[in-house]
Undergrad: 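Have a look at the structure that comes next, please.
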Amino acid sequence: MPGLAEYAPHFTGHRERLRERFRTGGGEVLPDYELLELVLFRAVPRADVKPLAKKLVERFGSFAEAIAAPPARLREIKGVGEAIITEFKLIGAAVERVTRAQVRARPVLSSWSAVIAHCRASMAFADREQFRVLFLDKRNQLILDEVQQSGTVDHTPVYPREVVKRALEVSASAIILVHNHPSGDPTPSKADIQMTKTIIDVAKPFGIEVHDHIIVGKDGHASLKGLRLI
């Protein structure tokens, strides 16, 4: 009907303009809060979500940190309900699935950037420490990516004999150890170094090689082999 458009909510045109910018330029042309808006559109079909998107970035620091935030912390934000949390967790799961597939596609040691990308996508923004192991076959291709332990904000118990036992169960010839530092700083601690050396010593008699121990955090990653600590 004539004149109906003037009663359309103001955010309707904004949504289509933002989608068009994404279609033509991709995510790189959008700041974090606008990328979050696109995600929020799916969960909140009829509302202006720009203020909420900006609030999420302000609270958590970035698009990635908002997506990875624990549900309990997301619920603290006024306007965030279960539909939004589900969308965020779906994106996180999709990213992890894609990066894992990229690691599986080629021998791990020849696709190191894909390994790092997967580790960061999986763990960099977690609020508690996790210890995971990438189990590799004799061609250095991924057999299994498995979280071994979850701990507190600054500690995860690691049992070297259990790590090696699991490697034998899945017929792994080599492993890559990975854990995160929720503080953001990936610098390895003395305990990290000692634990890695213990696993190397336990694994060696069984012919299982420890290729590396990667520590990830919001501020980057560290490789114990790259730092010549193992």
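Values in this document were obtained by computation on a predicted structure and should not be read as measured data.
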Undergrad: Find out whether Arg100 and Leu142 are in side-chain contact, i.e. whether some heavy atom of one side chain is under 4.5 Å from a heavy atom of the other.
TA: yes
Undergrad: Could you check whether any side-chain N or O of Asp212 sits under 3.5 Å from a backbone N or O of Ser223, counting only pairs where one atom can act as donor and the other as acceptor?
TA: no
Undergrad: Flag the pair Glu16 and Arg23 as a salt bridge only when some basic side-chain nitrogen lies within less than 4.0 angstrom of an acidic carboxylate oxygen.
TA: yes
Undergrad: Under 30°, 30 to 60°, or over 60°: which ring-plane class applies to Phe131 and His179, parallel, tilted or perpendicular?
TA: tilted
Undergrad: Answer yes or no: is there a side-chain heavy-atom contact under 4.5 Å between Glu96 and His118?
TA: yes
Undergrad: Can we say Glu82 and Arg75 salt-bridge, meaning some charged N sits less than 4.0 Å from an Asp/Glu carboxylate O?
TA: yes
Undergrad: Regarding Lys50 and Asp48, does a basic nitrogen lie under 4.0 Å from an acidic carboxylate oxygen?
TA: no
Undergrad: How about Gln149 and Glu162: do any of their side-chain heavy atoms sit closer than 4.5 Å?
TA: no
Undergrad: Any sub-3.5 Å donor-acceptor pair from Lys89's side-chain atoms to Ile67's backbone N or O?
TA: yes
Undergrad: Between the side chain of Asp137 and the main-chain N/O of Ser173, is any donor-acceptor distance below 3.5 Å?
TA: no
Undergrad: More than 12 non-hydrogen atoms from neighbouring residues, nucleotides or ligands closer than 6.0 Å to NZ on Lys165, yes or no?
TA: no
Undergrad: Identify the heavy atoms of Ala66 and Phe88 that sit nearest to each other, and give their distance.
TA: O-CD2, 3.5 Å
Undergrad: Would you indicate whether the side-chain heavy atoms of Thr196 and Leu229 approach each other to under 4.5 Å?
TA: no
Undergrad: Compare all side-chain heavy atoms of Ile215 with those of Leu224 and state whether any distance is below 4.5 angstrom.
TA: yes
Undergrad: Which residue, Arg19, Arg21, Arg15, Arg17, forms the salt bridge (Lys or Arg N to Asp or Glu O under 4.0 Å) with Glu34?
TA: Arg21
